[in-house]
Amino acid sequence: MAPGLLTIANAWGLIDSWLLYGWQRNQVSSDDLATQNYHSNTFAAAVETGYTISASPVSLTPFAQFIWNRYLDSVTYEQDTQTAVETANPQGYASRLGLRLSANNPTGLAPFVSIDWQHDWGETTLTMNSRTVTLDRAANRLGLKAGAQYTPSADWRLHLQLSTLSDKQFSAELGLRHRF
């Protein structure tokens, strides 16, 4: 659990939150048609709670997270193909329940592994000229993560995380944090 927008931690547990805004440049191309470019925007917010059980040299952290996300652009019109693409359901909700096992090492290298169950509410749908297409994805997925944090001082932290979901999604994350 990486600290975010607001983090409150004490002997009883912690509450963490984050906001994310995404701006994407998209491109659709084909052998027979001209390339079409468009921009899209996304917004997401999350709140997470948990507590850490420390037993030297490791810690176990059960956690729960609720995530809201929204795709902000509702209509894309493809000029050359005369195709109007709309997001029929531009927002979604997800929850995660999980456990994280990590090394107790406040400075230096601290490896970790975690497992979580993710549940998605709603479905992702697009409408193209009144034809609806739905993302066929399981509502319940299992997530696995492994990585390490390196904390050379109280002000700096570097982390690397590899993760996968049971629906064959894979990702890697590299982060650097400096506290002012």
Side-chain angles (χ1 to χ4, degrees), residues 1-26 39-73 90-122 124 135 137-180:
M1 185 178 329
L5 178 69
L6 171 66
T7 301
I8 301 168
N10 58 36
W12 303 288
L14 62 94
I15 298 173
D16 191 18
S17 63
W18 53 261
L19 299 172
L20 177 70
Y21 175 77
W23 183 77
Q24 298 86 27
R25 286 186 249 175
N26 305 293
H39 295 150
S40 60
N41 299 281
T42 55
F43 184 76
V47 63
E48 183 171 349
T49 186
Y51 61 94
T52 300
I53 304 163
S54 290
S56 192
V58 297
S59 294
L60 183 65
T61 306
F63 63 87
Q65 183 180 51
F66 182 77
I67 306 162
W68 169 81
N69 60 66
R70 183 165 180 87
Y71 185 74
L72 300 174
D73 299 313
Q91 69 181 359
Y93 305 93
S95 63
R96 292 175 50 231
L97 295 173
L99 289 170
R100 178 179 167 131
L101 180 67
S102 56
N104 282 337
N105 193 359
T107 58
L109 188 63
F112 65 86
V113 294
S114 73
I115 185 168
D116 63 73
W117 165 64
Q118 180 174 323
H119 178 77
D120 294 322
W121 284 279
T124 303
L135 178 63
R137 169 172 82 186
N140 296 295
R141 297 177 287 164
L142 180 65
L144 300 171
K145 296 178 183 169
Q149 284 187 170
Y150 176 65
T151 310
S153 71
D155 295 333
W156 289 95
R157 184 174 71 201
L158 174 69
H159 75 270
L160 171 66
Q161 174 177 290
L162 304 173
S163 60
T164 183
L165 286 169
S166 57
D167 61 353
K168 299 180 183 162
Q169 292 183 34
F170 300 96
S171 66
E173 178 181 310
L174 178 64
L176 177 65
R177 185 184 86 175
H178 177 67
R179 188 181 307 187
F180 295 95

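All values below come from the heavy atoms of this structure, side chains included, with hydrogens, waters and symmetry mates left out. Heads up: numbering here begins at 1 and tracks the sequence.
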Between the CZ atom in Phe63 and the OG atom in Ser114, the distance rounded to the nearest 0.5 Å is 5.0 Å
Looking only at non-hydrogen atoms, find the nearest pair between Arg96 and Ile67 and report the distance. CD-CD1, 4.3 Å
Take the angle between the ring planes of Phe66 and Trp121 and call it parallel below 30°, perpendicular above 60°, tilted in between. tilted
Rounded to the nearest 0.5 Å, what's the gap from OG1 on Thr61 to CG on Leu99? Could you check? 8.5 Å
Give, for atom CZ of Arg70 and atom OH of Tyr21, the distance between the pair rounded to the nearest 0.5 Å. 13.0 Å
Considering non-hydrogen atoms only, spot the tightest contact between Thr49 and Leu14 and give its length. OG1-O, 3.1 Å
Under the criterion side chain to side chain contact (heavy atoms under 4.5 Å, CB included), I'd like the reasoning laid out for Ile15 against Val47: C-alpha separation, chi angles, the key distance, then a yes or no. CA-CA 7 Å; Ile15 298 173; Val47 63; 4.1 Å; yes
Would Tyr71 and Phe43 count as a side chain to side chain contact (heavy atoms under 4.5 Å, CB included) here? Give the steps. CA-CA 7 Å; Tyr71 185 74; Phe43 184 76; over 6 Å; no
Quick one: CG on Leu101 to CD1 on Ile53, what's the gap to the nearest 0.5 Å? 11.0 Å
Excluding sequence neighbours, so at least two apart, what forms side-chain contact (heavy atoms from CB on, under 4.5 Å) with Ala138? Arg141
Rounding to 0.5 Å, atoms CH2 (Trp68) and CG (Leu19) come to a distance of 9.5 Å
Less than 3.5 Å apart, any donor N or O on the side chain of Gln118 or Asp120 sitting next to an acceptor on the other? yes
So is Arg100 actually on top of Phe112's ring, under 6.0 Å and inside 45° of the axis? yes
Can you name the side-chain contact (heavy atoms from CB on, under 4.5 Å) partners of Ala139, sequence neighbours left out? His119
Evaluate Leu174 against Leu158 for side chain to side chain contact (heavy atoms under 4.5 Å, CB included), listing each step before the verdict. CA-CA 8 Å; Leu174 178 64; Leu158 174 69; 3.9 Å; yes
Hey, are Ser59 and Ser54 close enough side-chain-wise for a donor-acceptor pair under 3.5 Å? yes
With sequence neighbours left out, write down each residue that passes side-chain hydrogen bond (donor to acceptor under 3.5 Å, both in side chains) with Ser163, or none if nothing qualifies. Ser171
Check Gly143 against Leu165 and note the closest heavy-atom contact, atom names and distance. CA-CD2, 3.6 Å
How about Ile115 and Leu142: do any of their side-chain heavy atoms sit closer than 4.5 Å? yes
Taking the six-membered ring for Trp and the single ring otherwise, decide whether the centroids of Tyr150 and Trp156 are under 6.0 Å apart. no
To the nearest 0.5 Å, what is the distance between NE2 (His159) and CD (Gln149)? 7.5 Å
Would you mind checking if Asp155 and Arg179 are paired as a salt bridge, meaning a charged N to carboxylate O distance below 4.0 Å? no
